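A short worksheet on the structure shown next.
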Amino acid sequence: MTESPARTIPIGGRSDGCPFAPAPELYEAQQDDALRRVRVPSPLLGAFDAVVVTRYEDVRSVLADDRLRMGGSMPYQAGNLLSYDGPEHTRLRRMLTGSFTSKRARELRPQIEGAVTSALDELAEAGPGADLVQLFCTPIPTLVICELLGVPYGDRAEFQRRTALALDFTQSREVQMEKAAEMEAYMAGLVARHRKAPGDNVLGRVVRDFGDQLTDSELAGIGNMLLIAGHETVASTLSAAVALLFRHPDQLAVVRDDPSATDGAVEELLRYCAPAVIVPRQASGTICVRDQEIAEGERVVASVLAANRDPGATTGRDDLDRLDVRRPVQRHLTFGFGPHQCLGQQLARMELRVALPALFTRFPTLRPAVRDDELDYRTQALVFGVDTLPVTW
Ligand code: HEM
């Protein structure tokens, strides 16, 4: 069935030399025609052996295959779409899709612009040396998701701290579970309020339209999943994208000076940063990838970071290791693929499209206040980003 796993690859799979690049083992695996088995250290699941999938078409095919199950990989179960499979997953996801369409994201643009403007004002007030993560990257998506969900913005310090710990792979399983339980207790209180008087927001709508089909614990789980996925991912992506653009001033100038390039630039930054780790899957039957068997019970880890740079992802002769915000076609799997593909991707895109050009237009000389090698890149978390990003102008 399987040869014994030869290598250990951290779940984020980033290179020690450059935090934006895949680990060399992933490039090697991509060139190898045989699928590789590796050992993946994980405080959540314990170290586990897995087939690592790195080619663009292979990642799409495994993520689309519903025989590959989530396999209880997530610590927060009830209500969290990432812990459901099959019809149960479809049923729950359908309750939420109407709140996360492209149209809904366009309607939210004025609110996003408001959040961006107030973050930029705070940054200006703080002055050079301010931390961009604290004053810009984090408040924007937090404010947006709080308004969207009906979560009091005043509670942000607590839930941000809990989220960061719960998603940090360097924390023990106990700490992660404890934080998950605290988050559930917090959301249970909000759900109880919406049960009494459903608000005009996503949580209120779910309670009003589907409240009789959902337990309180499922509702709390839905709220937490959206709260976590809604702020941590975009905040991390903003921090990673800005740090990346600082490394490439010519590309930063395009984002700043050419509004017609914004949408494409955001896709390229998403492709290149690939901030979110895909949840490991488990085969519920024998499946084949390029005629090679993955046996029932085997785990599968799909590297979006590697897949986004796979020459097979492009029909041209593009060098996908290069950042090019004017690249005409940016095929990427940063939001995953298949039934679990990111529910909030249109919202995320809208936030990035508004926030990034606005930042560089308001502060045209924006640059890092510390050397890049002094930055603390979060390479061992479920979502890649930078912890703090002091800037000057
Ligand atoms: C740039 C920002 C974001 C990135 C990179 C990202 C990435 C991803 C990825 C890769 C997945 C699939 C995980 C898997 O298959 O294992 C996912 C799922 C999900 N995302 Fe996002 N996400 C982002 C923003 C958001 C936002 C803003 C929200 C909500 C407001 C959100 C909500 C979700 C939900 C609910 C799922 C689970 C979907 C399901 O299982 O059906 N995400 N995201």
Side-chain angles (χ1 to χ4, degrees), residues 11-12 53 59-60 62-66 68-71 73-74 76-77 79-97 99-101 104-105 108 112 115 137-138 140-151 163 167 201-203 206 221-241 266-267 269-282 299-305 307-308 332-353 355-356 381-385:
I11 198 153
V53 182
V59 170
R60 271 167 64 109
V62 299
L63 293 182
D65 194 324
D66 63 7
L68 281 174
R69 302 290 168 88
M70 303 314 280
S73 302
M74 298 300 285
Y76 351 96
Q77 301 297 326
N80 181 351
L81 286 175
L82 287 171
S83 55
Y84 290 77
D85 292 295
E88 267 295 277
H89 170 259
T90 313
R91 179 185 80 95
L92 218 61
R93 186 163 165 128
R94 282 207 184 120
M95 298 179 186
L96 299 170
T97 40
S99 301
F100 291 94
T101 57
R104 191 72 194 104
L108 285 167
I112 297 170
C137 306
T138 309
I140 295 167
T142 307
L143 189 60
V144 171
I145 198 68
C146 281
E147 282 186 20
L148 196 67
L149 275 182
V151 168
T163 304
L167 300 186
N201 44 52
V202 175
L203 265 187
V206 175
I222 289 174
N224 261 323
M225 165 190 70
L226 293 174
L227 185 59
I228 296 169
H231 83 272
E232 179 72 11
T233 51
V234 178
S236 301
T237 308
L238 276 172
S239 72
V266 164
E267 292 313 302
L269 292 165
L270 283 164
R271 178 188 78 82
Y272 208 87
C273 293
V277 168
I278 294 281
V279 174
R281 309 292 205 256
Q282 191 161 25
R299 288 199 186 270
V300 177
V301 168
S303 172
V304 162
L305 186 64
N308 282 356
H332 67 75
L333 297 170
T334 293
F335 291 116
F337 190 71
H340 289 278
Q341 188 169 151
C342 181
L343 183 72
Q345 60 183 289
Q346 302 307 348
L347 174 63
R349 285 191 166 99
M350 187 57 81
E351 293 183 65
L352 296 168
R353 287 172 187 172
L356 286 170
L382 201 53
V383 191
F384 166 71

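The structure presented is a predicted model; accordingly, all values stated were derived computationally and were not measured. One-based numbering, in listed order, for ligands and for the atoms of each.
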Atoms of ligand 1 close to Pro275 [distance to a heavy atom under 4.0 angstrom, numbered from 1]: 5 (C)
Spacing of CD1 belonging to Ile140 relative to CG belonging to Leu238, to within rounding of 0.5 Å: 6.0 Å
Heavy atom of the protein closest to atom 1 (C) of ligand 1 (residue, atom name, distance): Thr237 OG1, 3.2 Å
Contact check, Pro339 vs ligand 1, heavy-atom distance below 4.0 Å: yes
Closest approach of any protein heavy atom to atom 24 (C) of ligand 1, naming residue and atom: Thr233 OG1, 3.1 Å
Nearest non-hydrogen protein atom, atom 28 (C) of ligand 1: Gly344 CA, 3.5 Å
Taking every non-hydrogen atom, the tightest pair across Pro275 and Thr237: CG-OG1, 3.3 Å
Heavy-atom nearest neighbour in the protein, as seen from atom 22 (N) of ligand 1, with distance rounded to 0.1 Å: Cys342 SG, 3.1 Å
Contact with ligand 1 for Gln345, non-hydrogen, under 4.0 angstrom: no
Closest protein heavy atom (residue, atom, distance) for atom 4 (C) of ligand 1: Phe335 CE2, 3.6 Å
Minimum side-chain heavy-atom gap Met225-Leu81 below 4.5 Å: yes
Ligand 1 atoms in contact with Phe100 (distance to a heavy atom under 4.0 Å): 30 (C)
Selection from Met70, Gln341, Arg281 by shortest heavy-atom distance to atom 15 (O) of ligand 1: Arg281
Under 4.0 Å to a heavy atom of Ala276 - the qualifying atoms of ligand 1, by number: 7 (C)
Nearest candidate to atom 40 (O) of ligand 1, where distance is taken over non-hydrogen atoms, out of Arg349, Met225, His340: His340
Close approach of Phe337 to ligand 1, heavy atoms, under 4.0 angstrom: no
Atom 13 (C) of ligand 1: nearest protein contact (heavy atom, Å): Leu82 CD2, 3.8 Å
Residues which pass side-chain contact (heavy atoms from CB on, under 4.5 Å) with Gln345, listed by chain and number, not counting sequence neighbours: Phe335, Gln341, Cys342, Arg349
Numbering as shown, the atoms of ligand 1 that approach His89 to under 4.0 Å (heavy-atom distance): 39 (C), 40 (O), 41 (O)
Flag, side chain of Asn80 to backbone of Gly221, donor-acceptor distance under 3.5 Å: no
Close side-chain approach of Val151 and Ile145, heavy atoms under 4.5 Å: no
For Ile145, the ligand 1 atoms whose distance to one of its heavy atoms is below 4.0 Å: 30 (C)
Ligand 1 N/O within reach of Arg93 N/O, cut-off under 3.5 Å: yes
Over all atoms of both residues, closest heavy-atom pair of Gly12 and Leu305: O-CD2, 4.0 Å
Taking every non-hydrogen atom, the tightest pair across Val383 and Thr233: CG1-CA, 4.0 Å
Verdict with supporting geometry, Leu347 and Ile112, side-chain contact (heavy atoms from CB on, under 4.5 Å): CA-CA 10 Å; Leu347 174 63; Ile112 297 170; 4.2 Å; yes
Reported CZ-to-CZ distance for the pair Arg281 and Arg69, which is rounded to 0.5 angstrom: 11.5 Å
Best match, Leu238, Leu343, Val304, Thr334: closest heavy atom to atom 7 (C) of ligand 1: Thr334
Heavy-atom side-chain contact between His332 and Leu270 under 4.5 Å: yes
Heavy atom of the protein closest to atom 32 (C) of ligand 1 (residue, atom name, distance): Ala229 CB, 3.4 Å
Backbone or side-chain N or O of Gly336 under 3.5 Å from ligand 1 N or O: no
Inter-residue atom distance His340.NE2 - Leu63.CG, 0.5 Å rounding: 9.5 Å
Under 4.0 Å to a heavy atom of Ala348 - the qualifying atoms of ligand 1, by number: 1 (C), 2 (C), 24 (C)
Test item: Met350 and Leu108 side chains (from C-beta on) under 4.5 Å apart, heavy atoms: no
